[in-house]
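Let me begin by presenting the structure, written as structure tokens, before commenting on it.
Here the structure is a predicted model, which means the values were calculated and not measured. Below, chains carry the letters A, B, ... as their sequence lines are ordered, and counting in each starts from 1.
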There are 2 protein chains.
Amino acid sequence: MRIPHAVIEAATPGPEGAASVENQPTAATAPGARTRSQLQRRKRIVQAAAALASRGGVEAMQMRTVAERAGVALGTLYRYFPSKMDLVVAVVGEEIDLLESSIQRRPPSAPTASGRAVDVLMRATRGLMREPELADALLRSLIMTEVETPFGDRMAKLLLRVAGEGLTVELATEDQLTLANSLASVWVHELLEMLRGLRTYDQIQHRLEIVSARLLMDF
Amino acid sequence: MRIPHAVIEAATPGPEGAASVENQPTAATAPGARTRSQLQRRKRIVQAAAALASRGGVEAMQMRTVAERAGVALGTLYRYFPSKMDLVVAVVGEEIDLLESSIQRRPPSAPTASGRAVDVLMRATRGLMREPELADALLRSLIMTEVETPFGDRMAKLLLRVAGEGLTVELATEDQLTLANSLASVWVHELLEMLRGLRTYDQIQHRLEIVSARLLMDF
DNA sequence: ACAGAGATTAGACCCTGTTCTACTTTGCGG
DNA sequence: CCGCAAAGTAGAACAGGGTCTAATCTCTGT
């Protein structure tokens, strides 16, 4: 798997870069995507992966199977996604896109920043719960990876946006970012507990309310 | 790896139970440990595992190698620790024990609950940082597992204890537990970011101070 | 239409976690 | 001391992630 690791070495931003969640442009590593069929290939792969993961979790999402379902060779799959993790990250990216557009369609309406944040988180929770296996797979893998445009960061930004109305990442203070980020990581943690059967939906909501009320008290 | 998964099924508390972090008693699964040499074997295994992981991370801690270094057969290793994860959990258990005794020796002295909590967290951070590879391995694996006496929970309890002086898990309110727990998960998250090179020690401290101040404001 | 570069493919291959098998040791009640 | 069940051992075997190779395809520019 080889993740940069260690306090010492900074992320090597070399020509090859690490995994990325980016959605529109070229495939993970494919240098110059001659677009068209390549984008489609990529999409087919991600779809196949999501489909497999959505029933059976990560373990069901085997690289060979994904490749087969997507109608590409294993080698090709690995050209697009250098590791299983990268694939997972891509799948997650789509999920977040979904959440973001959902929020754009129907923005949270609670009166407090904390309320809006919890609203968004719970909405995301419900979305993920529709496919517990997938959710579990994604969350776990994400925590392990979180390279480049990580899950938590995207959620944090989203939270920031809905918490302080009109607040953007650029306008927020360092500390506000920290707080939003922390809320996101608490959420991820709670979600994992839920998937493990240690929390109910209602418990998560309650816990998030408590934590959010404090973290975002003055947003 | 087979982790219970899914919102539906509750953890099966059957006769075989899941992985456990417990330190003194019998080996992970070995039914009736005839103690003596068995405890020693177990210790040798955990030590070998820790040694390997401490330089090279999880990947260096290969089951075959651990078995060899510990002087036991692969099969035996698997009898004691049904999966690599279980081994990791055991190694972590030792680390936490260390932290706990360190805290007993020299309790945090900050005047505020939040201050004491941060103190403990940073002390744990320094401890883990001594062996970044090990820390990374442990944290990642733990997040993935956290079965039975999880890392986060132990930290949460510890935090609770130092935050409210003399406060114990039994005396704490649900919400206080939630908050301590959340602080622990934020810490874990920050630690992972640090290991990934995205945070410096000072940043972590600052961020924890901010978050802790809010989460534990009235402890 | 044609050559060369890059993309794709099928499939062998390696590595490591985990399982399984056949056999030997060990510890203990009778 | 015997017998036996549990525990241990060596090592083969399996599974799935990831790599590599030798073709074959597909563009793209000329």
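Inspection of the B/S102 and B/R123 side chains reveals an N or O donor paired with an N or O acceptor under 3.5 Å. For the residue pair A/N181/A/T178, the side-chain donor-acceptor check at 3.5 Å is not satisfied. Looking at A/W187 and A/T125, their side chains do bring a donor and an acceptor atom within 3.5 Å of each other.
The phosphate of D/dC27 has neither OP1 nor OP2 within less than 4.0 Å of any side-chain N or O from A/Q38. At the phosphate of C/dC20, neither OP1 nor OP2 sits under 4.0 Å from any side-chain N or O atom of B/Y78. Between A/R64 and D/dG16, a side-chain N or O to OP1/OP2 separation shorter than 4.0 Å is absent. Close to C/dA7, at under 4.0 Å from its OP1 or OP2, lies no side-chain N or O of A/Y80. Between B/T76 and D/dA7 there is no side-chain N or O to OP1 or OP2 distance below 4.0 Å.
Rounded to a whole Å, the CZ atom of B/R41 is 17 Å from the P atom of D/dA6. Going from atom CZ of A/F81 over to atom P of D/dG17 covers 15 Å, rounded to whole Å. Atom CD of A/Q62 is separated from atom C1' of D/dG18 by 13 Å (rounded to the nearest Å). Remark: C1' of D/dG8 and CG of B/L39 are 16 Å apart, rounded to the nearest angstrom. Across the protein-nucleic acid pair, B/M61 atom CE and C/dC15 atom C1' stand 17 Å apart, rounded to whole Å. Atom P of nucleotide C/dA5 and atom CZ of A/R79 are separated by 15 Å, given to the nearest angstrom. Atom CD1 of A/I45 and atom C1' of C/dT9 are 13 Å apart (whole Å). Computed from coordinates, the B/E68 CD to D/dT9 P distance equals 13 Å when rounded to whole Å.
Both A/G75 and B/L77 sit near DNA chain D, but only B/L77 has its closest nucleotide nearer the 5' end. Each of B/L74 and B/R44 has a nearest nucleotide on DNA chain D; the 5'-most of these lies closest to B/R44.
For B/K84, the side-chain atoms get nearest to C/dT18 when compared with the rest of C/dT16, C/dT18, C/dT9.
The minimum heavy-atom distance between B/A53 and B/M61, with the atom names listed, is CB-SD, 3.7 Å.
Between B/V186 and A/H189 there is no side-chain heavy-atom pair separated by less than 4.5 Å.
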